[in-house]
Amino acid sequence: EVQLQASGGGLVQAGGSLRLSCAASGFTFGYYAIGWFRQAPGKEREGVSCISVSDVNTYYADSVKGRFTISIDNAKNTVYLQMNSLKPEDTAVYYCAANAPYTVYGSSWFFPDEYDYWGQGTQVTVSS
């Protein structure tokens with residue numbers, strides 16, 4: 001059974017940093033991608049970043065480029081999202097999701113429908 005466990009959210013002041021973690025388990029193949037999404041109250045879920053496990057391709061939404069970094073620790077089956085220079089508009093519930101097997105390409109990583117498994121969310125609140 002595939003399971004994704006997101007953690008690391010919290011309350012931080014604008015300009016601060018947080019690191020989110022997504023622990024993945026239950027995959028029977030190593031060819032998949034992990035995406036981070038966020039959803040603010042009253043808004044649609046949007047893609048933030050994505051990383052492919054096998055070839056470590058990375059993708060970022062324009063709104064977070066240069067501030068967020070996605071990475072993977074294969075030994076721990078964990079994907080991280082380092083978030084720096086946080087802004088109040090980054091406030092949202094953040095989710096990690098798996099595209100398994102790996103099928104996303106180009107801009108398709110951004111769309112929630114491309115993902116097959118979802119973890120629970122972790123709240124990120126950035127105060128001004």
Side-chain angles (χ1 to χ4, degrees):
E1 179 186 3
V2 173
Q3 291 188 333
L4 301 171
Q5 181 74 34
S7 62
L11 173 64
V12 65
Q13 289 187 331
S17 298
L18 282 174
R19 188 178 77 160
L20 304 183
S21 300
C22 177
S25 63
F27 289 100
T28 57
F29 43 80
Y31 196 58
Y32 60 95
I34 297 292
W36 283 100
F37 290 79
R38 64 187 182 187
Q39 188 165 19
K43 295 187 177 181
E44 292 187 354
R45 191 168 297 189
E46 64 173 1
V48 175
S49 185
C50 177
I51 187 167
S52 60
V53 171
S54 56
D55 51 15
V56 201
N57 283 328
T58 58
Y59 308 88
Y60 295 94
D62 288 344
S63 59
V64 306
K65 280 181 182 177
R67 300 188 298 123
F68 291 10
T69 303
I70 193 169
S71 62
I72 186 166
D73 184 334
N74 281 306
K76 296 181 179 180
N77 291 328
T78 300
V79 170
Y80 302 99
L81 185 68
Q82 178 67 43
M83 306 187 296
N84 298 329
S85 302
L86 282 161
K87 304 175 181 179
E89 51 263 44
D90 294 317
T91 295
V93 177
Y94 283 70
Y95 300 88
C96 61
N99 169 253
Y102 178 30
T103 59
V104 293
Y105 66 96
S107 61
S108 70
W109 73 269
F110 186 80
F111 300 101
D113 287 349
E114 295 290 333
Y115 293 78
D116 308 283
Y117 306 95
W118 289 83
Q120 89 295 353
T122 184
Q123 176 71 47
V124 171
T125 303
V126 184
S127 62
S128 57

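No experiment lies behind these values; they were computed from the predicted model shown.
One distance of note links CG of Asn77 with CD1 of Ile72; it measures 7.5 Å at 0.5 Å rounding. Here the CH2-OG1 distance, from Trp109 to Thr58, works out to 10.0 Å after rounding to the nearest 0.5 Å. With rounding to the nearest 0.5 angstrom, the CG atom of Leu86 is 5.0 Å from the CZ atom of Phe68. In this structure, Asp113 CG and Ser108 OG are separated by 11.5 Å, a value rounded to the nearest 0.5 Å. Note that CD of Gln39 and OH of Tyr94 are 12.0 Å apart. Values are rounded to the nearest 0.5 Å. A distance of 6.0 Å separates OH in Tyr59 from OG in Ser52, rounded to the nearest 0.5 Å.
Val93 and Gly121 make their closest contact through CG1-CA, 3.6 Å (heavy atoms, listed as atom of the first residue, atom of the second, distance). Taking every heavy atom of both residues into account, Val104 and Cys50 meet most closely at CG2-SG, 4.4 Å. Between Ala92 and Ala40, the shortest heavy-atom distance links the atoms CB-N, 3.8 Å.
The backbone N or O of Ala100 sits less than 3.5 Å from a side-chain atom of Asp116, completing a donor-acceptor pair. No donor-acceptor pair closer than 3.5 Å links the side chain of Asn84 to the backbone N or O of Ser17. At distances below 3.5 Å, not a single donor-acceptor pair connects side-chain atoms of Thr122 with backbone N or O atoms of Ser7. With hydrogens and angles ignored, the 3.5 Å screen pairs a side-chain donor or acceptor of Gln120 with a backbone N or O of Ala6.
Using cut-offs of 30° and 60° for the angle between ring planes, the Phe37 and Trp118 rings count as tilted.
A side chain to side chain contact (heavy atoms under 4.5 Å, CB included) with Met83 holds for exactly one of Val12, Ile70, Leu18; it is Leu18. Under the side chain to side chain contact (heavy atoms under 4.5 Å, CB included) rule, Leu81 has a single partner from Leu20, Ile51, Val64, Val124, which is Leu20.
Ionic pairing of Lys65 and Asp62 is present here: one or more N-O contacts between side-chain nitrogen and carboxylate oxygen are shorter than 4.0 angstrom.
Geometrically, Arg38 does not engage Tyr95 in a cation-pi contact defined by less than 6.0 Å to the ring centre and at most 45° from the axis.
Side-chain N/O atoms of Gln123 and Thr125 include a donor and acceptor closer than 3.5 Å.
Val56 and Val48 fall within the same hydrophobic cluster, where Ile, Leu, Val, Met, Phe, Trp and Tyr residues are linked whenever their side-chain heavy atoms come under 4.5 Å apart, directly or through other members.
Within the structure, every pair that satisfies the disulfide (SG to SG under 2.5 Å) test and touches residues 83-128, not counting sequence neighbours, is listed here: Cys22-Cys96.
With sequence neighbours excluded, the residues satisfying side chain to side chain contact (heavy atoms under 4.5 Å, CB included) with Tyr80 are Arg19, Ser21, Ser71, Asp73, Lys76, Thr78. Residues satisfying the side chain to side chain contact (heavy atoms under 4.5 Å, CB included) test with Ser85, not counting sequence neighbours, are Arg67.
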**Item:** Steps toward ring-ring contact (aromatic ring centres under 6.0 Å, His included) verdict (Tyr32, Tyr102)
**Value:** CA-CA 4 Å; Tyr32 60 95; Tyr102 178 30; 9.1 Å; no

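The shortest side-chain heavy-atom distance between Pro112 and Tyr115 does not fall under the 4.5 Å cut-off.
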